[in-house]
Amino acid sequence: MKPFSLITLVLLALSISPVTANLLVNTGFEDPITADGPPFVGFWEGFSGGAGSSSGNSALMPRSGAQSLGLSIDNTVNTFAGAFQDVPNLTSGTEYIFSGWHATSSSPLDLGVEIRIEWRNSTTDVEVARTANLTPVPALAYSPFTLSAEVPAGADTGRVVYAIQSFSTAPLGNGSVFVDDVSFAVIPEPSAMLFLAVAGLGLLGRRRQRA
């Protein structure tokens with residue numbers, strides 16, 4: 001058996017740990033997303049810049065299940081499309097990770113991707129801060145994306161956002177992006193990571209004994 005790295009062991013342990021429970025709902029976009037305003041907790045809310053852009057469930061290119069989130073811009077510049085979901089009851093000073101998978105059916109993709117977390121205060125209903133946009137370029141096959149950040153003081157809600165835009169793609173602005181199997185979860189403290197790594201070692205040891 002080939003040796004496993006510590007990171008591999010941690011990831012293996014995380015996959016079976018309730019510590020990193022996914023706080024999002026409809027993570028595979030199998031249920032319809034909405035476009036009707038609040039509440040944004042417990043629902044994906046789609047948005048777009050109007051004619052030439054769209055956001056919704058798509059059966060064209062799922063990574064798993066029957067559907068994914070499909071975002072498209074059709075030969076239109078200076079527009080956008082995306083979806084977001086609010087996650088409540090977060091603790092300031094705690095680090096969370098927004099992750100998932102994305103792909104495109106367009107090559108080359110004449111669009112920009114923007115992935116971010118907007119930190120909000122639920123009492124005042126205002127944005128406290130936001131992460132810088134993560135701007136990966138999706139490939140024709142599904143690839144992972146990850147964005148981690150610490151909840152700032154004064155925030156108790158994380159709004160996770162995945163969007164595409166054509167602000168800097170004149171004269172075209174064209175393409176489709178698909179998003180699937182997303183997650184928003186706490187990143188364990190180092191001591192918990194060590195415990196999870198040991199748990200992963202134990203799991204691998206049991207597997208080796210059975211082999």
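Atom set for the values below is all heavy atoms of this structure, side chains included, hydrogens, waters and symmetry mates excluded.
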Asks: With side-chain hydrogen bond (donor to acceptor under 3.5 Å, both in side chains) as the criterion, how do Ser72 and Ser176 come out once you've worked through the C-alpha distance, each side chain's angles and the decisive distance to 0.1 Å?
Replies: CA-CA 4 Å; Ser72 296; Ser176 296; 2.7 Å; yes
Asks: Rounded at 0.5 Å granularity, tell me how far CD1 in Ile73 sits from OG in Ser53.
Replies: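 One gets 6.0 Å once the value is rounded to the nearest 0.5 Å.
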Asks: Quick one: CZ on Arg120 to OG1 on Thr157, what's the gap to the nearest 0.5 Å?
Replies: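 Output value for this atom pair is 8.0 Å.
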Asks: I'd like to know if the side chain of Ser106 and the backbone of Pro108 have a donor-acceptor N/O pair within less than 3.5 Å.
Replies: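 Such a contact is absent between Ser106 side chain and Pro108 backbone.
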Asks: Please state whether the rings of Phe40 and Phe84 are parallel, tilted or perpendicular, taking 30° and 60° as the class boundaries.
Replies: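 Ring orientation, 0 to 90° scale: perpendicular.
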Asks: Take Gln85 and Arg159 through the side-chain contact (heavy atoms from CB on, under 4.5 Å) test and state the conclusion after the steps.
Replies: CA-CA 6 Å; Gln85 183 176 145; Arg159 176 171 292 179; over 6 Å; no
Asks: Report whether Val151 and Phe98 are members of the same hydrophobic cluster (ILVMFWY, side-chain heavy atoms less than 4.5 Å apart, transitive linking).
Replies: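 The answer is yes; both residues are in one hydrophobic cluster.
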Asks: Report whether Trp119 and Val160 are members of the same hydrophobic cluster (ILVMFWY, side-chain heavy atoms less than 4.5 Å apart, transitive linking).
Replies: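 Yes, it is one cluster - the side chains of Trp119 and Val160 are joined through contacts under 4.5 Å.
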Asks: Could you check if a side-chain atom of Val113 sits within less than 4.5 angstrom of a side-chain atom of Thr135, using non-hydrogen atoms only?
Replies: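 Side-chain contact under 4.5 Å: no.
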Asks: Would you give the length of the straight line joining atom CE of Met61 to atom OG of Ser68, rounded to the nearest 0.5 angstrom?
Replies: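 Nearest 0.5 Å value for the CE-OG distance: 8.0 Å.
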Asks: Do you reckon Leu147 sits in the same ILVMFWY cluster as Val128, going by side-chain contacts under 4.5 Å, direct or chained?
Replies: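 Different clusters.
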Asks: Do Val177 and Phe145 share a hydrophobic cluster, counting only Ile, Leu, Val, Met, Phe, Trp and Tyr and linking them when any side-chain heavy atoms are less than 4.5 Å apart?
Replies: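 Yes, same cluster.
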Asks: Side chains of Thr27 and Asn22: does their closest heavy-atom pair fall under 4.5 Å?
Replies: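 A side-chain contact under 4.5 Å exists here.
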Asks: Let me confirm one number: the CD-CG distance from Gln67 to Asn26, rounded to the nearest 0.5 Å.
Replies: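 The CD atom of Gln67 sits 9.0 Å away from the CG atom of Asn26.
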Asks: For the residue pair Leu69 and Asn57, establish whether any side-chain heavy-atom pair is separated by less than 4.5 Å.
Replies: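 SC-SC contact between Leu69 and Asn57 ruled out.
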Asks: In Å and rounded to the nearest 0.5 Å, what is the OG1 to CG distance from Thr79 to Asn75?
Replies: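 With rounding to 0.5 Å, OG1 (Thr79) is 12.5 Å from CG (Asn75).
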Asks: So, Phe178 versus Tyr142, ring centres under 6.0 angstrom or not?
Replies: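 No, they do not, as the ring centres are separated by 6.0 Å or more.
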Asks: Taking all non-hydrogen atoms of both residues into account, name the closest pair between Ala103 and Leu140 and its distance.
Replies: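 Smallest interatomic distance, heavy atoms only, reads CB-O, 4.1 Å.
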Asks: Could you tell me whether a side-chain N or O of Thr34 sits under 3.5 Å from a main-chain N or O of Asp36, the two making a donor and an acceptor?
Replies: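 Pair absent, no side-chain N/O of Thr34 close to backbone of Asp36.
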Asks: Measuring only between side-chain heavy atoms, which start at C-beta, is Ile115 closer than 4.5 Å to Pro136?
Replies: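 Side chain of Ile115 against side chain of Pro136, heavy atoms only: contact under 4.5 Å found.
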Asks: For a 4.5 angstrom cut-off between non-hydrogen side-chain atoms, does Pro138 reach Leu109?
Replies: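 A side-chain contact under 4.5 Å exists here.
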Asks: Do the side chain of Asp74 and the main chain of Gly175 share a donor and acceptor less than 3.5 angstrom apart?
Replies: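 No.
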Asks: Any chain of hydrophobic side-chain contacts (each under 4.5 Å) joining Trp101 to Ile164?
Replies: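 No, Trp101 does not connect to Ile164 through the hydrophobic network.
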Asks: Tell me, with the steps shown, if Thr94 and Glu150 meet side-chain contact (heavy atoms from CB on, under 4.5 Å).
Replies: CA-CA 5 Å; Thr94 301; Glu150 184 178 294; over 6 Å; no
Asks: Is a side-chain donor or acceptor of Thr146 paired with a backbone partner of Ser99 at a separation under 3.5 angstrom?
Replies: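 Such a contact is absent between Thr146 side chain and Ser99 backbone.
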Asks: Quick check: closest heavy atoms across Ile33 and Gly46, and the distance to 0.1 Å?
Replies: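 Looking at all heavy atoms of both residues, the closest pair is CD1-CA, 3.9 Å.
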Asks: Over all heavy atoms of both residues, which pair between Ser54 and Ala81 is shortest? Give the atoms and the distance, please.
Replies: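 Closest approach of Ser54 to Ala81, heavy atoms only: O-CB, 3.4 Å.
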Asks: I'd like to check Leu134 versus Tyr162 (side-chain heavy atoms, cut-off strictly below 4.5 Å). Are they in contact?
Replies: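 No. Closest side-chain heavy atoms not under 4.5 Å.
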Asks: So which atom in Glu45 and which in Gly37 form the shortest heavy-atom distance, rounded to 0.1 Å?
Replies: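 So the two residues come closest at OE2-N, 2.8 Å.
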Asks: Check whether any side-chain heavy atom of Phe167 sits under 4.5 Å from a side-chain heavy atom of Thr169, and report yes or no.
Replies: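 Sidechains of Thr169 and Phe167: no contact.
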Asks: If you count heavy atoms of other groups shown closer than 6.0 angstrom to CZ of Phe43, is the number above 12?
Replies: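 Count not over threshold, so no.
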Asks: Begin with the C-alpha distance, continue with both residues' side-chain angles, and end with the deciding distance and a verdict on side-chain contact (heavy atoms from CB on, under 4.5 Å) for Val41 and Val87.
Replies: CA-CA 6 Å; Val41 174; Val87 180; over 6 Å; no
Asks: Minimum heavy-atom separation for Pro62 and Ala59, please, with both atom names.
Replies: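 What the structure gives for the nearest pair is CD-O, 3.6 Å.
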Asks: Is a side-chain donor or acceptor of Thr131 paired with a backbone partner of Ile117 at a separation under 3.5 angstrom?
Replies: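 Yes; at least one donor-acceptor contact below 3.5 Å.
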Asks: What pair of heavy atoms forms the shortest contact from Asn121 to Gly154, and how long is it?
Replies: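 Smallest interatomic distance, heavy atoms only, reads ND2-O, 2.8 Å.
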Asks: Hey, would you say the Phe29 and Trp44 ring centroids sit under 6.0 Å apart?
Replies: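 Yes - the distance between ring centres of Phe29 and Trp44 falls below the 6.0 Å cut-off.
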Asks: Could you tell me if the side chain of Val161 sits less than 4.5 Å from the side chain of Glu118, heavy atoms only?
Replies: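 A side-chain contact exists here, since the closest heavy-atom pair is under 4.5 Å.
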Asks: State the CD-CG distance between Glu95 and Leu90, to the nearest 0.5 angstrom.
Replies: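 One gets 13.0 Å once the value is rounded to the nearest 0.5 Å.
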